[in-house]
Protein chains: 2
Amino acid sequence: MKDHSDILKELELKTTPKRLAILDILRNASIYLSPDEVWTTMKERFRAIGLPTVYRNLEELAAGGVISKVIHPDRKLYYFFCGNREHHHHFVCTSCRKVDDLNFCAFGEIEKEVSRTLNATVSSHIMQVFGICSDCSADKGGRQ
Amino acid sequence: MKDHSDILKELELKTTPKRLAILDILRNASIYLSPDEVWTTMKERFRAIGLPTVYRNLEELAAGGVISKVIHPDRKLYYFFCGNREHHHHFVCTSCRKVDDLNFCAFGEIEKEVSRTLNATVSSHIMQVFGICSDCSADKGGRQ
DNA sequence: CGTCTAAATAGAAATTATTTTCATTTATTC
DNA sequence: GAATAAATGAAAATAATTTCTATTTAGACG
């Protein structure tokens with residue numbers, strides 16, 4: 001199984017302690033984190049750690065597909081570890097911030113529809129599904 | 001046919017000259033505009049016009065469903081007039097910034113899928129489709 | 001048509017997320 | 001163990017958006 005160092009080598013990124021730590025933090029988080037939250041955790045592990053380093057690495061890792069982004073309705077950005085390399089989308093729980101993969105993408109059909117009705121070409125799409133996961137609704141529903 | 005003043009009354013918003021102007025600017029734009037771009041046009045029409053007024057009104061109008069938002073991949077926000085009151089999504093051309101309605105939403109299916117596989121409840125979704133419209137690809141393709 | 005009141009606004013300042021710059025450090029290559 | 005390109009820290013810059021507050025104005029009412 002590939003460890004974090006191998007993942008970075010594949011992306012042609014140097015294996016620095018900080019990069020590994022960021023990956024590690026996200027891997028263990030199980031929920032999505034803001035850059036600032038990642039920074040806060042990094043400061044517990046490193047004496048000197050700049051916020052730009054966090055931002056830079058999160059973007060690089062996301063560009064490499066190792067981690068994914070959540071765009072909130074308020075357009076704030078969050079990141080989480082996602083091992084799934086296939087094209088897919090996510091369901092994010094706005095209560096506990098857990099992320100689940102959706103093995104479902106209507107993009108193909110949309111592409112056809114766009115091509116057929118507008119004669120246009122689709123280049124990218126943003127898709128984010130928000131809601132309340134089963135754990136959180138159980139908490140509130142009291143059925144526990 | 002409802003004019004802009006009627007639309008504002010329905011939303012219980014006062015019919016101020018500036019609000020009408022913002023609506024008018026978007027209605028005539030045919031492409032999506034940034035708050036700053038709306039402000040620039042407003043400054044040509046009003047001696048005194050504050051940027052917060054533009055932001056406030058755009059949000060109010062969007063909340064009322066009279067105008068719609070485009071969230072770009074860089075997470076910048078744009079607005080455009082959209083008369084379609086049904087739930088739908090948009091195709092936006094990143095070249096000329098024209099917006100077309102997509103009479104297509106896979107949201108129902110996603111909701112079912114989320115419910116079935118995750119036992120979770122969907123509350124909202126962001127969906128944005130970017131591409132090149134037929135006019136723009138004709139320009140580039142040289143088929144004109 | 002004047003008066004009243006809540007809503008709307010201007011202008012300035014504050015906030016906040018994010019990015020840039022650049023000198024210094026460090027991981028990798030040989 | 002050098003050499004070199006990549007990575008980093010710290011500070012500053014940027015830019016979108018929001019807040020604050022005193023003033024103005026639209027719409028209701030008489």
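Below, read A as the first sequence line, B as the second, and so on, with proteins coming before strands; counting in each chain starts at 1. All heavy atoms count here, side chains included; hydrogens, waters and symmetry mates do not.
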Checklist line | Length of the CG-C1' vector between D74(A) and dA16(D), whole Å | finding: 13 Å
Notebook entry, point to check: Applying salt bridge (Lys or Arg N to Asp or Glu O under 4.0 Å), which residue pairs with at least one partner in residues 57-67 of chain B are found, sequence neighbours left out?
Noted result: R19(B)-E60(B), E59(B)-K69(B)
Check: What integer distance in Å separates L58(B):CG from dT17(D):P?
Finding: 10 Å
Next item on the list: Return the 5'-most residue of the pair K14(B), T53(B) with respect to DNA chain C, ranking by each residue's nearest nucleotide.
Entry: K14(B)
Note to self: Quick check on the hydrophobic clustering: are L102(A) and I31(A) connected, directly or via other members, by side-chain heavy-atom contacts under 4.5 Å?
What the structure shows: no
Next item on the list: Count the heavy atoms of every other residue, nucleotide or ligand shown that sit under 6.0 Å from NZ of K112(A), and state whether that count exceeds 12.
Entry: no
Item checked: side-chain N/O S34(B) vs dA16(D) OP1/OP2, d < 4.0 Å -> no
Next item on the list: Starting at atom CD of E12(A), determine the distance to atom C1' of dA6(D), rounded to an integer number of angstrom.
Entry: 12 Å
Notebook entry, point to check: Would you call the rings of H125(A) and H89(A) parallel, tilted or perpendicular if under 30° counts as parallel and over 60° as perpendicular?
Noted result: perpendicular
Checklist line | Length of the CG-C1' vector between L33(B) and dA16(D), whole Å | finding: 17 Å
Margin query: Please report the distance, rounded to the nearest Å, between CD1 in I22(A) and C1' in dG9(D).
Written below: 13 Å
Note to self: Judged by each residue's nearest nucleotide on DNA chain C, which is more toward the 5′ side, D36(A) or P17(A)?
What the structure shows: D36(A)
Notebook entry, point to check: Base, sugar-phosphate, or nothing: which does L51(A) touch, judged by heavy atoms less than 4.0 Å apart?
Noted result: base
Notebook entry, point to check: In whole Å, what is the span from the OH atom of Y55(A) to the C1' atom of dA15(D)?
Noted result: 13 Å
Notebook entry, point to check: dT8(D) P sits how many Å from K43(A) NZ, rounded?
Noted result: 17 Å
Checklist line | Opening and closing nucleotides of DNA chain C in contact with chain A, under 4.0 Å to non-hydrogen atoms | finding: dA17(C) to dT28(C)
Next item on the list: Using whole Å, report how far CG of L11(A) lies from P of dA6(D).
Entry: 15 Å
Note to self: Could you report the tightest heavy-atom contact between G131(B) and S123(A), atom names first, then the distance?
What the structure shows: CA-OG, 3.4 Å
Margin query: I want to check something: taking the side chain as every heavy atom from C-beta on, are F107(B) and V122(B) in contact at a cut-off of under 4.5 Å?
Written below: yes
Check: Closest nucleotide of DNA chain D for R56(B) versus for R47(A): which of these residues is on the 5' side?
Finding: R47(A)
Margin query: Is the distance between the ring centroids of Y32(A) and H90(A) under 6.0 Å?
Written below: no
